[in-house]
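Structure, as structure tokens:
Order of appearance sets the numbers: ligands from 1, and atoms from 1 within every ligand. All values reported here derive from a predicted model rather than from experimental measurement.
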Amino acid sequence: MGKYFGTSGIRGVVGEFLTPDLTVRAGLALGAYLGGGTVAVGRDTRVHGEALASLLSGALASQGCDVIDVGVVCTPTLGCYVAEEGLDAGAMITASHNPPEYNGIKFWNPDGMAFTPDQEKDIEELMDNPPEGPGWDGFGSLGEDPSAVRVHVERILDVVDADADGLKVVVDCANGPSALVTPEVLREMGCEVVTLNSQLDGRFPGRNPEPKPENITDLMRTVKAVGADLGIAHDGDADRVVFVTEEGEFAGYDETLALVAARVVEEAGGGKVATNVDASMAVDRVVEEVGGEVVRTKVGDVYVAEAVKREGCVFGGEPNGTWIHPDVHLCPDGPLSAARMVALVAEEGPLSELVESVPSFPILRENVECPDDMKDEVMRCVTRRVEESGYDYDTVDGVRVEFDDGWVLVRPSGTEPLIRITVEAESEDRAEELMREFLGVVEECMG
Ligand code: MG
């Protein structure tokens with residue numbers, strides 16, 4: 001059986017991995033999987049997006065699905081639209097933060113949750129043997145709805161009912177579809193908005209669409225230059241968001257996640273927050289302080305979404321800026337995350353002081369080289385050793401050992417011949433001690 005889905009849908013260089021044929025087979029497979037119903041198809045700003053969306057849509061219609069083309073939208077706009085309109089699925093043509101020659105296909109459930117790995121396996125099987133479909137008189141229709149962006153904007157304004165009058169915000173849209181949503185939402189909240197890279201352009205002339213500190217230096221400078229209260233940067237499809245303080249500094253991934261998670265918990269009067277095994281214990285400390293509880297998941301936004309759903313969490317997020325707001329839908333939503341942060345800064349800012357208020361602990365990371373075919377054996381050995389030591393641990397993703405004053409994560413890399421060790425502790429000394437201990441354990445297990 002072919003393996004087409006990676007960690008974030010089907011993704012690759014257009015014309016090499018992601019061919020027209022593969023796109024049609026993905027459409028036929030989704031249509032057959034659904035057996036009819038209505039599917040929304042959206043795309044980000046990439047130059048091949050419109051053609052790939054047409055191929056996918058035609059294939060879906062040939063399997064009896066009615067297709068609604070929502071045009072160029074953020075991934076969370078598609079998720080929100082599918083959830084709000086009660087559709088049977090969504091399909092997004094996007095390669096998120098990858099360079100312009102890439103594109104991808106990702107499928108969404110009626111509640112806005114990404115297809116799970118099990119669902120993707122079912123789709124892969126159907127892609128290798130696409131069923132014939134309902135025949136000449138069973139085709140579905142192809143329609144359009146340009147209102148998806150408005151649906152998303154209004155839904156965000158419904159749930160973030162805050163007045164941010166007078167706040168000045170710079171938004172860096174990365175030439176992606178966030179330009180259609182985030183500036184509009186913030187203006188309607190009362191902000192004065194300055195935009196960067198807000199012309200839609202799938203060649204990404206403004207900056208690399210991955211919102212890492214080194215790619216958003218223009219935003220940092222602009223926030224300082226115009227005297228803004230904060231800066232916001234999205235990735236290429238706006239399921240992610242990162243922030244810059246009024247001082248033009250990058251506001252940490254874990255710190256911002258902790259701040260907004262705690263605010264949502266406070267507003268809900270308690271509740272659970274899902275985050276992955278790699279997030280800082282600062283998230284636990286800040287969330288517990290307001291009466292919340294943190295649930296740990298495997299790394300990957302779909303695992304966070306699954307946990308949010310299963311555990312009835314009020315919020316979920318990974319420290320890369322993909323945050324899930326289940327009061328709207330289960331797709332990570334960059335513009336909604338931005339609106340919640342702006343509301344927080346408006347009421348309790350400045351952002352630099354909020355970030356400062358989150359406890360910060362030393363984090364150490366080391367890699368041990370390990371051939372792929374030894375990884376399972378080594379991880380079994382590490383688990384055994386941890387068990388023998390009587391430590392408190394879980395195996396949600398790799399082995400995560402919990403101490404009163406820190407934690408250790410030993411996890412095989414999914415893409416490289418490495419075992420990764422992450423340590424976080426209350427002091428530098430303790431972090432180094434734990435790292436020495438677990439480097440020793442992994443090296444002994446390597447034999
Ligand atoms: Mg993305």
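A side-chain N or O of E424 and one of W407 form a donor-acceptor pair less than 3.5 Å apart. Judged by distance alone, the side chains of E416 and N367 never bring a donor and an acceptor atom under 3.5 Å apart.
Vertex the Mg ion (ligand 1); arms to S96 atom OG and D239 atom OD1; angle 170° (nearest 10°).
The N, O or S atom of D237 lying closest to the Mg ion (ligand 1) is OD1. For the Mg ion (ligand 1), the nearest N, O or S atom contributed by D235 is named OD2.
Rounded to the nearest 0.5 angstrom, L52 CG and T23 OG1 are separated by 4.5 Å.
Ring planes of W323 and H325: tilted class, angle from 30 to 60°.
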